Amino acid sequence: MIRLGLIGSGNMARALALGWGEPVLATDSGSGRAAALVEEVGGEALGSDNATLAQRAEVLVLCHKPYELDAVAAQAGGFGGLVVSVLGGVTLAQLRTAYPGAAVAAVMPNTAVEVRRGVTLVAEGSDAPEAVAELFGRVGTVVTLPDVALGAATGISGVGPAYVALFAEAWIDAGVRAGLKPADATTLVLETLAGTAELIRARAGDTLAVRRGVTSPGGTTARGLRALTDAGVASALHAAMDATRAAP
Ligand SMILES: NC(=O)c1ccc[n+]([C@@H]2O[C@H](COP(=O)([O-])OP(=O)(O)OC[C@H]3O[C@@H](n4cnc5c(N)ncnc54)[C@H](OP(=O)(O)O)[C@@H]3O)[C@@H](O)[C@H]2O)c1
């Protein structure tokens, strides 16, 4: 088993650790979240001691905030193993400068890694691609992309769990308004989302075939689809993509 060291024990670190389901070394900046995390998955919390973590881990997974890159690298000084960064917007070149003696990889997982159905984007040119693909393949799908495509890809898979949760919540609310119990509406929405994803996959991505298969001429689905189109579903998704790519 590789000794994984997580620098930072927040939302992404926890999702990854739960997905991997094996003991980790973990640090935080003083909140105690590292101790809470190792209580769930096993391993050892090292407080804020990134230097000791770097001495003991074989793979460092950077799960702190992007702006802390240089400060954390100074603490982890001289680490010579594999550094995997999940830091949004941090490039391979920046990682190589911060960790000159290490192999470096830039990845962007999403929080569904927690249930091993995540999508992890890997920046093309990352070091140790086989090791990175194996590690993140354990918690979902791995897609390697050139740097120029990572922003757009993050605008789908990185942010996606939040979009799908918003969509599901609104759809459940609509069901409740129409008279369903919340628990029933939740089951219907979640199983319809999961089943339809499988169906579209079985049709090799042919969304139109799936849509046509439900839509009788002049029928209920056709009226619902028209209402969704009029409400701007497609333009909302384009606007959301543009918003993720705009400067904050
Ligand atoms: N959330 C997502 O969906 C997602 C997706 C892809 C990538 N990411 C990336 O993942 C990173 C973390 O995001 P998050 O949502 O997990 O943030 P978060 O919940 O705020 O967690 C950040 C963690 O980093 C710790 N930390 C800060 N400075 C540290 C230091 N010097 N040494 C050790 N630990 C330190 C924090 O410690 P305390 O607990 O003491 O505050 C906290 O545990 C970001 O770079 C983000 O771009 C997030």
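First listed ligand is number 1; within each ligand, the first listed atom is number 1. Counting from 1, the numbers follow the sequence of the chain as shown. Because the structure is predicted, anything quoted here is derived from the model rather than measured.
Heavy-atom minimum distance, L145 versus L150: CB-CD2, 4.1 Å.
At least one side-chain heavy atom of W20 sits under 4.5 Å from a side-chain heavy atom of L135. In this structure the side chain of I156 reaches within 4.5 angstrom of the side chain of M241, judged on heavy atoms.
In E39, the CD atom is not crowded: 12 or fewer heavy atoms of neighbouring residues, nucleotides or ligands sit closer than 6.0 Å. Applying the 6.0 Å contact sphere to CZ of R212 captures no more than 12 heavy atoms from other residues, nucleotides or ligands.
Using a 4.0 Å heavy-atom criterion, the residues that approach ligand 1 are I7, G8, S9, G10, N11, M12, T27, D28, S29, G30, S31, R33, N50, C63, H64, K65, P66, E68, V72, V86, L87, G88, M108, P109, T111.
The pair D230-R226 meets the salt-bridge criterion, since a charged nitrogen lies less than 4.0 angstrom from a carboxylate oxygen.
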